[in-house]
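First listed ligand is number 1; within each ligand, the first listed atom is number 1. Here, residue 1 is the first one in the sequence, and each next residue gets the next number.
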Amino acid sequence: MACKRGALIVLEGVDKAGKTTQCKKLVKALELSGRPAEMMRFPDRSTTIGQLISAYLEKKSDLEDHTVHLLFSANRWELVPLMKKKLEQGTTLVVDRYAFSGVAFTSAKPGFCLDWCKSPDVGLPKPDLVMFLQLNPSEAAQRGQFGEERYENSVFQNRVQQRFEELMKDTSVNWKVIDASQSIDNVHTSIQDHSLNAINAAQETQLGTLWK
Ligand code: TMP
């Protein structure tokens, strides 16, 4: 009998909302309960494309805005074969940022619309669940290290938040908003509940395609 596929679960939110901490906790909890799970993150800075992006984020290099947007997207596409393989093998993928960050961050720059920003990511594997960690950007700014990388300033993060709100109006995506100002454990409990539902539902459905 073919094994049941894993779920594609994405955590999104403004910088410092706690996505990475929560992704790690979720993977650990799923594994402890006997459900194979792995964490991925975008940008994946380990690839050649990811290194270009990383240098840009660390302000060691400058890239034209359209160009860097396409590089972020290419960085997702280059990982798609691996993602599909793992999902087919029954592994649930917990992903720290995905195409939604791509669109929210670039479209927060002057002169970019949502539609243009979405287009290179049309057709990516569609997440079974996208959890948005909601945190007031001024509260996020008070959490550690804010301000070291490109984009880490409150004015820009406010615009990013507004773009995420636009994206969350799309009911073709399974969005769940999580209050990230709660304690780490309470946030984790909500995330785990939503994830278990998504994992069960994914076993009965095929992997979809994003924005198509
Ligand atoms: P992180 O590695 O700390 O999550 O930071 C990555 C930064 O890159 C963050 O500011 C969001 C931004 N970003 C984009 O601009 N486009 C994208 O497609 C992704 C995934 C992230």
Residues R97 and D15 bridged, charged N to O under 4.0 Å: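 Looking at D15 together with R97, the answer is yes, because their closest N to O distance falls below 4.0 Å.
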With heavy atoms of [X] as the reference, note each atom of ligand 1 found under 4.0 Å away.
X	value
F42	20 (C)
R76	17 (C), 18 (O), 20 (C)
L57	6 (C), 7 (C), 8 (O)

For ligand 1, note which part of H69 has a heavy atom under 4.0 Å away: side chain, backbone, both or neither.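 Neither part.
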When you look for heavy atoms under 4.0 Å from ligand 1, do you find them on the side chain of P43, its backbone, both, or neither?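 Within the 4.0 Å criterion, P43 contacts ligand 1 through backbone and side-chain atoms alike.
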I'd like to know if the side chain of [X] pairs up with that of [Y] as donor and acceptor (distance under 3.5 Å, no hydrogens or angles considered).
X	Y	value
K126	Y98	no
Q203	N200	no
S172	D170	yes
Q162	E166	no

Would you mind checking which non-hydrogen protein atom is closest to atom 14 (C) of ligand 1, with the distance to 0.1 Å?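 Result: F72 CZ, 3.3 Å.
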For atom 4 (O) of ligand 1, closest protein heavy-atom neighbour: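 That would be R97 NE, 2.7 Å.
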Non-hydrogen atoms of K19 and E12 that approach each other most closely: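 So the two residues come closest at CD-C, 3.4 Å.
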Taking both backbone and side-chain atoms of [X], is any N or O found less than 3.5 Å from an N or O belonging to ligand 1?
X	result
D96	no
R150	no
D15	yes
R45	yes

When you look at F112 and H66, which way does the ring pair (Phe, Tyr, Trp, His ring centres under 6.0 Å) test go after all the steps? CA-CA 9 Å; F112 285 88; H66 298 79; 4.6 Å; yes
Qualifying residue for ring-ring contact (aromatic ring centres under 6.0 Å, His included) with F100, from F132, F72, W175, F105: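 Among F132, F72, W175, F105, the one meeting ring-ring contact (aromatic ring centres under 6.0 Å, His included) with F100 is W175.
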